[in-house]
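Supplied in structure tokens, the structure appears directly below.
Order of listing sets the numbers, starting from 1, for every ligand and every atom in it. Bear in mind the structure is a predicted one, so any value in this text is a computation, not a measurement.
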Amino acid sequence: MPPPLFYLSQPDALLKIREAVISAWLCVTALLASSASQVTLTTPKASVHTSSPYLLGLGIGDITGPVVETNMMGYAYLPQTDSGLHMRQRSRAFIIADASNPSDRVVFINADIAFGDTGIRRSIISNLTELFPGVYSERNVAIVSTHQHAGVGGYPENLLPQITSLGYVPETAAAIVQGTVLAVRRAHGNLAPGSLALGNITINGGNRNRSPSAYLANPAEERAQYDGDQDTALTLLKFAYANGTARGFLSFFAVHGTSLYKNNTLISSDNKGMAAYLYESSVEPNAVPGRTTNVGDTSPNTLGAFCESPGKPWNGQACDLDHSTCGGTAQDCLGRGPGFRVSDFESNRIIATLQVDGARSLMNGNIAPVTGTVRSVHTYVNMSSYSFTLQNGTTVQTCPAALGFSFAGGTTDGPGAFDFVQGNNGSAPQNPFWELVKGAVTPPPNEDQVACQSPKPILLNTGYAHIPYEWSPSVVDVQMFRVGNLVILAIPGEMTTMAGRRIRNAIRARLIVDGIIGEGAYVVIAGPANTYAHYVTTPEEYGVQRYEGASTLFGPNTLDAYIDKYSTVPPSDPAPPDLTGFAISLRSGVAFDSPGSSHQFGDVLVDVPAQSTFTAGQTVSAQFVGANPRNNLRLEDTFLSVEQLVGSMWQAVRSDSHPSTIYRWLRTKRRNIVNISWRFLTDPFQLEPYRLVYLGDSKPFNGSISSFSGTSSSFKVS
Ligand SMILES: *[C@@H]1O[C@H](CO)[C@@H](O)[C@H](O)[C@H]1NC(C)=O
Ligand SMILES: *[C@@H]1O[C@H](CO)[C@@H](O)[C@H](O)[C@H]1NC(C)=O
Ligand SMILES: *[C@@H]1O[C@H](CO)[C@@H](O)[C@H](O)[C@H]1NC(C)=O
Ligand SMILES: *[C@@H]1O[C@H](CO)[C@@H](O)[C@H](O)[C@H]1NC(C)=O
Ligand SMILES: *[C@@H]1O[C@H](CO)[C@@H](O)[C@H](O)[C@H]1NC(C)=O
Ligand SMILES: *[C@@H]1O[C@H](CO)[C@@H](O)[C@H](O)[C@H]1NC(C)=O
Ligand SMILES: *[C@@H]1O[C@H](CO)[C@@H](O)[C@H](O)[C@H]1NC(C)=O
Ligand SMILES: *[C@@H]1O[C@H](CO)[C@@H](O)[C@H](O)[C@H]1NC(C)=O
Ligand SMILES: *[C@@H]1O[C@H](CO)[C@@H](O)[C@H](O)[C@H]1NC(C)=O
């Protein structure tokens with residue numbers, strides 16, 4: 001019983017691409033691999049312009065890992081262990097191929113996760129190369145994140161982001177790989193001729209700089225070229241069928257996925273996933289949105305940062321501007337979203353809606369058609385000691401990775417992020433994983449490293465921490481896509497606003513000077529993509545050493561090194577090693593489930609009141625004897641359903657991914673308890689009865705998992 005709101009419930013009905021068309025392509029691959037960037041992004045001589053110059057494919061897949069007993073990814077906050085589900089995480093795949101030469105193609109994957117990762121990327125690409133030999137590769141597949149902070153953790157293969165999840169969580173990684181590969185297969189399966197168009201619009205009130213004092217360190221003449229310390233433009237690439245009917249879009253808007261705070265323990269999709277959902281549900285089923293860009297210092301908490309310090313004189317006041325502190329400490333300083341007085345989920349909805357409204361007016365407006373070449377470039381770069389020459393002739397270099405002291409202070413979106421560091425002195429909750437590995441970063445950095453990273457005071461010398469495996473990546477992905485005049489820079493980190501502006505301007509100027517694209521060249525940033533190398537600030541902002549500067553891994557010249565790499569695209573360094581084989585995982589599996597004496601799985605513990613009628617805005621809920629949802633992730637499926645009696649049949653009308661439903665799980669001494677709730681704002685249908693259904697999977701002593709369900713009494717809505 002597929003709930004009707006699952007997108008793509010009837011996929012693959014469209015044009016099939018003929019595999020034969022794809023094969024004539026190998027010569028171009030060889031050309032790209034062996035030449036410099038000037039060649040790689042250029043237009044081939046015979047380029048065909050028709051009303052549907054591209055083959056386009058869009059697909060979506062469920063990537064939600066274990067929704068309970070797993071640390072969440074984004075805030076790196078040890079107590080943030082998930083306890084249920086608000087909305088599922090998805091990957092959305094966008095395939096663009098040149099219709100006159102379909103082997104010229106790119107795949108942009110927008111995954112609703114905190115950041116890309118080398119291990120995830122390796123598995124996705126090896127699955128795709130096995131399924132579609134010669135079609136998809138390291139070069140033309142970009143794994144871009146929405147940078148959300150309310151998803152399941154444990155998937156990165158480097159050690160640092162594993163600390164709060166007590167190591168690697170293979171189930172999370174497998175779910176992301178499997179769902180993403182499915183999204184690409186669906187997109188490949190519905191490739192159809194079509195057209196693209198590109199436009200931008202200003203979104204007011206959708207973001208705010210969370211490190212304005214660092215931004216002010218940039219030269220005044222440079223700042224004077226811009227309206228403010230945030231990029232307020234939303235850029236949209238529209239996908240349409242050959243007959244002109246809209247199919248979906250890819251949009252780029254710089255805002256952090258931190259509308260939900262670190263006290264939220266329900267898996268959700270933050271403002272970009274929510275925006276995608278809102279758009280999809282309004283145009284359903286033909287739109288597949290997704291969006292990401294330079295999110296480094298952009299906060300969705302647009303009211304600004306205030307002190308939450310009950311009882312203190314500074315309670316409710318704005319935080320100190322330079323240090324984001326309240327009474328001298330960071331812990332109480334928290335950014336407020338626009339729905340602050342209502343709820344965090346309300347802030348999330350508002351920031352999402354601003355993006356959706358902007359996107360909708362571009363989709364319905366008159367925007368410029370995109371025509372021309374599809375190209376991609378990918379190379380690995382070892383950033384640990386890259387030496388290059390600045391424009392003024394001075395030779396500089398990057399440094400082995402390190403994080404500064406302000407890294408431990410976090411940001412106003414999540415104060416005290418990575419506060420596992422305090423576990424060092426026994427005053428914070430013990431983290432067994434940190435206890436196991438902390439020795440590897442304890443040796444003080446040597447003189448060269450201190451000088452290279454200066455003025456960053458080094459807290460975690462991760463570039464020298466290889467035990468038990470690499471703490472941070474040294475080898476990162478430099479990747480670019482070109483579609484007509486649009487160039488997408490897939491960046492392996494979080495760019496601050498000014499860093500993003502500098503790299504976009506530099507690459508655009510270079511493309512124009514080299515005669516690759518004319519004055520219409522339009523450059524956007526997508527990231528954090530492919531792997532996670534933390535932040536990228538300008539050298540001036542680096543000097544201020546706020547959170548973003550402290551998290552700029554490879555030293556003060558990190559941004560200029562990226563500008564150099566993205567404009568020259570050098571031959572590839574060796575690929576980074578596969579770390580998953582060494583991964584430590586301290587998280588235990590599910591031993592077994594018991595319904596407790598005198599109960600069966602699925603029994604109703606607290607029912608909906610008999611014969612009740614609910615009105616819009618009220619919450620209906622029921623409690624069931626549950627089992628551990630880690631027994632079966634139910635990917636592309638659901639842990640609950642709101643059903644309605646239609647004639648004599650109960651039909652599912654809401655699934656666990658609908659924002660109006662919540663699945664909450666609790667372990668008690670005797671049993672697991674599941675609470676299913678539904679808060680509807682408008683009566684979705686007619687006055688027919690509804691009921692709540694819980695769908696679970698239990699694991700007995702003998703380990704053979706089986707599914708069961710539980711059903712509440714029926715109720716009415718008015
Ligand atoms: C595909 O991905 C899965 C993880 O979902 C991994 O176990 C498997 O090895 C991958 N297959 C290939 C051919 O890489
Ligand atoms: C928006 O599009 C116009 C027209 O292409 C362009 O001139 C302008 O620079 C764009 N704005 C941004 C912020 O990219
Ligand atoms: C345009 O084409 C698509 C795909 O073939 C089809 O689903 C849609 O109904 C068409 N729209 C119109 C207005 O003809
Ligand atoms: C999380 O913290 C914020 C800010 O203090 C507060 O407004 C919100 O109600 C809290 N949410 C939950 C789920 O506790
Ligand atoms: C070149 O620029 C860098 C960074 O701004 C600066 O440190 C260096 O002194 C400059 N070199 C010259 C020769 O001006
Ligand atoms: C240990 O942690 C406490 C509380 O956070 C702090 O006051 C103290 O300075 C810390 N001691 C050391 C040696 O880091
Ligand atoms: C990156 O470069 C450093 C310095 O040259 C080298 O020691 C290290 O092994 C390289 N890392 C990888 C993964 O290739
Ligand atoms: C279930 O959780 C909701 C909040 O999501 C709460 O309002 C309700 O009281 C809970 N219901 C039961 C039966 O515990
Ligand atoms: C495992 O145990 C369950 C319930 O305890 C039982 O229904 C099932 O038949 C058992 N399966 C096997 C393979 O023994």
Review point. Should the pair Y380 and H378 be assigned to parallel (<30°), tilted (30 to 60°) or perpendicular (>60°) ring geometry?
Key: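 Perpendicular: the ring planes of Y380 and H378 meet at over 60°.
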
Exercise for review: Please list, chain by chain and in numerical order, all residues satisfying side-chain hydrogen bond (donor to acceptor under 3.5 Å, both in side chains) with S387, sequence neighbours excluded.
Suggested key: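 Here no residue qualifies.
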
Review point. Ring centroid separation for Y469 and F582, is it under 6.0 angstrom?
Key: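 Ring-ring flag for Y469/F582: false, centres at least 6.0 Å apart.
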
Review point. Which residues satisfy the salt bridge (charged side-chain N to carboxylate O under 4.0 Å, His left out) test with D448, sequence neighbours excluded?
Key: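 In terms of salt bridge (charged side-chain N to carboxylate O under 4.0 Å, His left out), with neighbours along the sequence ignored, D448 is linked to no residue.
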
Check your understanding: Which residues satisfy the side-chain hydrogen bond (donor to acceptor under 3.5 Å, both in side chains) test with Y562, sequence neighbours excluded?
Key ->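 With sequence neighbours excluded, Y562 shows a side-chain hydrogen bond (donor to acceptor under 3.5 Å, both in side chains) to no residue whatsoever.
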
Point to revise | Residue part near ligand 7, for S385, under 4.0 Å between non-hydrogen atoms | key: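 Side chain only.
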
Practice item. Give yes if a backbone or side-chain nitrogen or oxygen of N243 is under 3.5 Å from a nitrogen or oxygen of ligand 3, and no if not. Key: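 Checking ligand 3 against N243, an N or O pair does fall under 3.5 Å apart.
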
Review point. List by chain and number: which residues place a heavy atom under 4.0 Å from ligand 2?
Key: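 Within 4.0 Å of ligand 2, protein side: N200, A233, Y522.
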
Review point. Would you call E222-R501 a salt bridge at under 4.0 Å N-O?
Key: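 Answer for the salt bridge query: no.
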
**Study point:** Heavy-atom side-chain proximity of K238 to I367 below 4.5 angstrom
**Key:**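 In short, these two side chains touch, coming nearer than 4.5 Å.
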
Point to revise | ligand 7 atoms in contact with S384 (distance to a heavy atom under 4.0 Å) | key: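 Every atom of ligand 7 under 4.0 Å from some heavy atom of S384: 1 (C), 2 (O), 3 (C), 4 (C).
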
